[in-house]
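Input: a single structure, listed below in structure tokens.
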Amino acid sequence: MAVLGRDEIIYYLNGGNDTELYSKADSLREDSFGREVYLRAIVEFSNICNKKCNYCGLRAPNAKVSRYRMDVESIIESARLAADAGARTIVLQSGDDFSYSPTQIEDIIAGIKESHDVAVTLSLGDRSAAEYEHWFNCGADRCLLKLETTAPDIYKKIRCGEDFYQRMDLLRSLQEIGYEVGSGIIVGLPDYTVEQLADDLLFLSGLELDMIAAGPFIPHPDTPFSSAGTGDIDLSFRFTALARLLNPLSNIPATSALDSFDSEGREKGLQRGCNVIMPSVTPAAKRKDYNIYPGKNSVSVDVADTVSRAEELIRALGFVPSATKGSSRRMNNVE
């Protein structure tokens, strides 16, 4: 692990030496993961959300969204199609939609695991620790719980009064339960400084996360942040490259938001320290409505083609689509 002080992090975030930073990050990714890139297939099974987050297109007050909920069998079928196409991790993601009972989520996990040897990641928001523990005991492997910022006052502002420390309590509970846990932030939130980003990076690096995700801010036209400036993709690349230096064994995705700025955004991310891509395998008819930011899921093709395209992207860069589940090397101390 590289030892970087706050001042050095700020130097790199400000573009002090991108060539050196990206070279170091790519070299460390190679040392940790070789040429393998992990593919995580995301089933976005509901875009209904009870939250009012100022940055998100799925926020509850947004009446312009065409809302949907997939039934249990449709969710399982989407996951199975992705697994049939070669995905070894299925991510179950939704807005904070509590209409799905704990038993229904259990049935989804079981239905996927009964037919395929895959890892299941949950990205379901602020469900209770007791529910997450139940789902872990039912076979769920990982959880993704984003913070979006590590500054409590800004968290409260962008999430309409919610408490940062409650979110952190849940994240720590997930780790104690035994999940591989991922979290992350948005790069370029309104009025955010590079110094605050450096603090975010140091905070996340101290959490012993199995995955760290960061993507550039993209203002959604139907949110209170509609007139805010767009985030800086180069700053996002620098953040994830620095995250690699500080967290050599953590999985770091090249997020889909990068492609909204640059048609080769994810490719560049993989060459600058990232080792994961996460294509959406939500049914094509619903995919465009999981519109958390403009450009999200703008291409709707069937599940098999989505996975195939992701694998082609990986191979075109000289990497190898991993045939493994991509379990946490940090948690398992795999050198």
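In this chain, numbering begins with 1 at the start of the sequence shown.
- With contacts defined as side-chain heavy-atom distances shorter than 4.5 Å, the pair L171/Q175 qualifies.
- F217 contributes atom CZ, which lies 10.5 Å from atom OH of Y55 (distance to the nearest 0.5 angstrom).
- Counting non-hydrogen atoms of other residues, nucleotides and ligands closer than 6.0 Å to CD of E208 gives a total of 12 or fewer.
- One distance of note links CD of E131 with OG1 of T103; it measures 10.0 Å at 0.5 Å rounding.
- Not a single donor-acceptor pair under 3.5 Å links the side chain of R142 to the backbone N or O of E180.
- The 12-atom threshold is exceeded at CG of D153, counting heavy atoms of other residues, nucleotides or ligands nearer than 6.0 Å.
- R244 and D31 are not joined by a salt bridge, as no carboxylate oxygen comes within less than 4.0 angstrom of a charged side-chain nitrogen.
- When atom types are taken as modelled, the side chain of R167 and the backbone of K146 share a donor-acceptor pair closer than 3.5 angstrom.
- The salt bridge (Lys or Arg N to Asp or Glu O under 4.0 Å) test applied to R80 returns no partner, not counting sequence neighbours.
- Heavy atoms of other residues, nucleotides or ligands lying less than 6.0 angstrom from NZ of K157 number 12 at most.
- Scored by the salt bridge (Lys or Arg N to Asp or Glu O under 4.0 Å) test, R172 finds no partners at all (sequence neighbours excluded).
- Here E162 does not pair with K156 in a salt bridge; the nearest charged N to carboxylate O distance is not below 4.0 Å.
- Scanning all heavy atoms of the two residues, the minimum distance from L209 to G182 falls at CD2-C, 4.4 Å.
- Here R287 contributes atom CZ and T282 contributes atom OG1; the two are 6.0 Å apart, rounded to the nearest 0.5 Å.
- Between Y192 and V187 the shortest side-chain heavy-atom distance does not fall below 4.5 Å.
- Annotation: the span from D289 atom CG to N291 atom CG amounts to 8.0 Å, rounded to 0.5 Å.
- Checked against ring pair (Phe, Tyr, Trp, His ring centres under 6.0 Å), F136 has the following partners two or more places apart in sequence or in another chain: Y179.
- For the residue pair Q196 and D191, the shortest heavy atom distance occurs at OE1-O, 3.9 Å.
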Quiz: residues 9-16 side-chain donor-acceptor pairs under 3.5 angstrom, not counting sequence neighbours:
from: Y11; atom 1: OH; to: G16; atom 2: O; distance (Å): 3.2
from: Y12; atom 1: OH; to: E20; atom 2: OE1; distance (Å): 2.4
from: N14; atom 1: ND2; to: I10; atom 2: O; distance (Å): 3.2

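- For the side-chain hydrogen bond (donor to acceptor under 3.5 Å, both in side chains) test, no residue two or more places apart in sequence or in another chain qualifies with T230.
- Among all heavy-atom pairs drawn from D262 and K268, the shortest one is OD2-NZ, 2.5 Å.
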(message) With side chain to side chain donor-acceptor pair (under 3.5 Å) as the criterion, how do N251 and N275 come out once you've worked through the C-alpha distance, each side chain's angles and the decisive distance to 0.1 Å?
(response) CA-CA 6 Å; N251 290 310; N275 70 304; 2.9 Å; yes

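- Contact check for L270 versus R29: no side-chain heavy atoms found under the 4.5 Å cut-off.
- The ring pair (Phe, Tyr, Trp, His ring centres under 6.0 Å) test applied to Y155 returns F164, not counting sequence neighbours.
- R59 and K52 make their closest contact through NH2-O, 2.9 Å (heavy atoms, listed as atom of the first residue, atom of the second, distance).
- In this structure, D141 CG and T89 OG1 are separated by 8.0 Å, a value rounded to the nearest 0.5 Å.
- For the pair S183/F203, no side-chain contact is recorded, criterion being any heavy-atom separation below 4.5 Å from C-beta on.
- Residues forming a salt bridge (Lys or Arg N to Asp or Glu O under 4.0 Å) with D200 (at least two apart in sequence, or on another chain): none.
- A salt bridge between D126 and K51 is present, with a side-chain N of the basic residue lying under 4.0 Å from a carboxylate O of the acidic one.
- Using a 4.5 Å heavy-atom threshold, the side chains of S280 and Y290 count as separate.
- Residues K113 and A119 approach most closely at NZ-CA, 4.4 Å, considering heavy atoms.
- Residues that satisfy the salt bridge (Lys or Arg N to Asp or Glu O under 4.0 Å) test with R6, not counting sequence neighbours, are D199.
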(message) Between R69 and S99, does the side chain to side chain donor-acceptor pair (under 3.5 Å) criterion hold? Intermediate values first, please.
(response) CA-CA 9 Å; R69 282 190 180 109; S99 70; 2.7 Å; yes

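- Every residue two or more places apart in sequence or in another chain was checked for a side-chain hydrogen bond (donor to acceptor under 3.5 Å, both in side chains) with E77, and none qualifies.
- In plain terms, the two heavy atoms of I314 and P321 that are nearest each other are CG2-N, 3.5 Å.
- Side-chain contact between E148 and I154: absent, with no pair of heavy atoms (C-beta onward) separated by less than 4.5 Å.
- The side-chain heavy atoms of F225 and I158, taken from C-beta on, include a pair separated by under 4.5 Å.
- The closest side-chain heavy-atom distance from V43 to V281 is below 4.5 Å.
- Ion pairing between a basic and an acidic side chain is recognised when a charged N comes within 4.0 Å of a carboxylate O; D96 and R127 show no such pairing.
- Interatomic distance, I252 CD1 to R272 CZ, rounded to the nearest 0.5 Å: 14.5 Å.
- When atom types are taken as modelled, the side chain of S205 and the backbone of L201 share a donor-acceptor pair closer than 3.5 angstrom.
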(message) Apply side chain to side chain contact (heavy atoms under 4.5 Å, CB included) to residues L4 and L242 and explain how you reach the verdict.
(response) CA-CA 9 Å; L4 296 174; L242 286 162; 3.7 Å; yes

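- Evaluation of the ring pair (Phe, Tyr, Trp, His ring centres under 6.0 Å) rule for Y100 yields F45 as partners, not counting sequence neighbours.
- Residue pairs meeting the salt bridge (charged side-chain N to carboxylate O under 4.0 Å, His left out) criterion with at least one partner in residues 221-243, sequence neighbours excluded, are D18-R238, K64-D222.
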(message) Quick one, T324 with S322, criterion side chain to side chain donor-acceptor pair (under 3.5 Å). Give me CA distance, side-chain angles, the key distance, then yes/no.
(response) CA-CA 5 Å; T324 75; S322 178; 2.8 Å; yes

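- Residues forming a side chain to side chain contact (heavy atoms under 4.5 Å, CB included) with A110 (at least two apart in sequence, or on another chain): E114.
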